[in-house]
There are 2 protein chains.
Amino acid sequence: MEDSYKLKKVISIGTVSEITGLSVRQIRYYEERNLVEPDRTSKGTRKYSFSDIEQLMIIANQREEGVQTTEILRELRKQGSNQSVRNNMIRGQINAQFNKKN
Amino acid sequence: MEDSYKLKKVISIGTVSEITGLSVRQIRYYEERNLVEPDRTSKGTRKYSFSDIEQLMIIANQREEGVQTTEILRELRKQGSNQSVRNNMIRGQINAQFNKKN
DNA sequence: CGTGTAAGGAATTCTGACACG
DNA sequence: CGTGTAAGGAATTCTGACACG
């Protein structure tokens with residue numbers, strides 16, 4: 001009836017912190033490094049989707065292995081691990097990019 | 001990997017209010033009338049699932065038609081419109097109840 | 001580079017209650 | 001019965017910055 005539950009950005013940062021085990025500081029920092037892109041409410045509070053949370057858990061694992069954020073960013077883009085985006089929208093555009101760049 | 005996105009209670013009341021168009025007061029009142037049952041964080045703030053939101057939209061429609069909360073409660077229980085619960089857990093128990101009471 | 005923390009302010013949420021009806 | 005609102009307090013979130021490394 002609505003959108004995909006997985007993609008809807010409705011979860012605030014404190015809850016994301018609890019679920020992922022990351023500190024609020026870390027989550028904000030990963031945004032600064034363009035590893036996640038929450039929505040903002042009219043008053044500026046961040047809202048995340050379940051998909052974002054999964055992305056953050058991938059990031060957390062990479063960080064544990066000592067991978068730097070810049071490296072993680074590359075990998076995320078290369079592998080297209082953000083499957084939700086690929087599955088749900090602009091699939092054509094992304095495919096086009098794949099055909100071009102790879 | 002995790003649970004069903006639809007059932008996980010992670011959305012705070014302000015966001016639920018925006019999505020459903022109901023006032024925060026109304027949402028709390030429907031809880032008081034046992035029409036929804038959010039989780040509570042350790043510090044007492046309510047957390048709702050997408051399923052709860054759908055439930056609330058059903059309630060909103062009923063209320064617009066002038067149906068009283070007590071009546072809505074009966075209908076919800078009778079029709080088992082909370083499909084997510086039925087689909088995802090204690091299906092056996094609920095079936096048992098159906099066989100008993102109907 | 002990645003993350004902690006104290007700082008000050010703004011916005012959220014909570015409960016119990018009074019109001020109207 | 002269902003919902004608005006003012007009240008006071010507690011907890012959340014935000015940003016920019018300093019710290020360590």
Side-chain angles (χ1 to χ4, degrees), chain A residues 8-50 52-53 55-77 81, chain B residues 8-50 52-78 81:
Chain A
K8 200 148 196 179
K9 299 193 183 233
V10 294
I11 310 173
S12 48
I13 197 167
T15 305
V16 173
S17 171
E18 282 175 22
I19 295 174
T20 61
L22 293 166
S23 70
V24 164
R25 178 68 163 102
Q26 287 175 309
I27 297 167
R28 292 199 190 111
Y29 181 67
Y30 298 152
E31 177 184 2
E32 195 181 312
R33 308 300 280 147
N34 297 303
L35 300 182
V36 265
E37 189 164 16
D39 274 359
R40 295 284 184 138
T41 67
S42 51
K43 283 149 192 166
T45 76
R46 279 167 262 249
K47 293 297 178 189
Y48 299 82
S49 66
F50 283 111
D52 291 329
I53 288 178
Q55 181 91 248
L56 283 167
M57 296 183 96
I58 293 174
I59 294 165
N61 289 334
Q62 298 282 286
R63 285 292 305 129
E64 275 178 34
E65 292 169 29
V67 185
Q68 293 192 329
T69 56
T70 315
E71 196 49 47
I72 296 174
L73 182 58
R74 270 194 225 112
E75 288 176 27
L76 288 176
R77 288 193 169 146
S81 67
Chain B
K8 201 147 195 180
K9 299 193 183 235
V10 294
I11 310 172
S12 48
I13 197 167
T15 305
V16 173
S17 172
E18 281 176 23
I19 295 173
T20 62
L22 293 165
S23 70
V24 164
R25 178 67 163 103
Q26 287 175 309
I27 297 168
R28 292 199 190 112
Y29 181 67
Y30 298 151
E31 178 184 2
E32 195 182 312
R33 307 301 279 147
N34 297 304
L35 301 181
V36 265
E37 191 163 15
D39 274 359
R40 295 284 184 138
T41 67
S42 52
K43 283 152 193 165
T45 75
R46 278 167 264 248
K47 293 297 178 189
Y48 299 82
S49 66
F50 284 112
D52 291 330
I53 288 178
E54 291 182 4
Q55 181 92 247
L56 283 166
M57 296 183 98
I58 293 173
I59 294 166
N61 290 334
Q62 298 282 287
R63 285 292 306 130
E64 274 178 34
E65 294 170 28
V67 185
Q68 293 192 328
T69 55
T70 316
E71 196 51 47
I72 296 173
L73 181 58
R74 271 194 225 111
E75 288 176 26
L76 288 178
R77 288 191 171 148
K78 196 189 308 173
S81 68

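Order of the sequence lines sets the chain letters (A, B, ...), proteins ahead of strands, with each chain counted from 1.
- Between the CD1 atom in Ile11(B) and the CD atom in Glu18(B) there is a gap of 11.5 Å [rounded to 0.5 Å].
- For the salt bridge (charged side-chain N to carboxylate O under 4.0 Å, His left out) test, residues two or more places apart in sequence or in another chain that qualify with Lys9(A) are Asp52(A).
- Listed by first then second residue, pairs satisfying ring-ring contact (aromatic ring centres under 6.0 Å, His included) with a partner in residues 27-49 of chain B number zero, not counting sequence neighbours.
- Taking the side chain to side chain contact (heavy atoms under 4.5 Å, CB included) definition, one finds that Glu65(B) meets it with Gln62(B), Val67(B), sequence neighbours left out.
- Whole-Å rounding puts the Glu31(A) CD to dG16(D) P distance at 12 Å.
- For DNA chain C, the neighbouring residues in residues 35-46 of chain B, judged by any heavy atom under 4.0 Å, are Arg40(B), Gly44(B), Thr45(B), Arg46(B).
- A donor-acceptor pair under 3.5 Å links the side-chain atoms of Thr20(A) to the main chain of Val16(A), judged by distance alone.
- Not counting sequence neighbours, Ser12(A) has no partner by the side chain to side chain donor-acceptor pair (under 3.5 Å) test.
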Dot-bracket encoding per residue of DNA chain D, Watson-Crick/G-U cut-off under 3.5 Å, | denoting interstrand: .||||.||.|.|.||.||||.

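- The interatomic distance linking Ile11(A) (CD1) with dT12(D) (P) rounds to 17 Å, in whole Å.
- For Arg74(B), the side chain to side chain donor-acceptor pair (under 3.5 Å) partners are Glu71(B), not counting sequence neighbours.
- In this view, Ser23(B) and Gln26(B) satisfy the side chain to side chain donor-acceptor pair (under 3.5 Å) rule, not counting sequence neighbours.
- Arg46(B) pairs by the side chain to side chain donor-acceptor pair (under 3.5 Å) definition with Glu31(B), not counting sequence neighbours.
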Sugar-phosphate or base contact per nucleotide [nucleotides 2-7 of chain D; S, B, -; heavy atom under 4.0 Å]: BBBB--

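- Here Phe50(A) pairs with Tyr5(B) under the ring pair (Phe, Tyr, Trp, His ring centres under 6.0 Å) rule; sequence neighbours left out.
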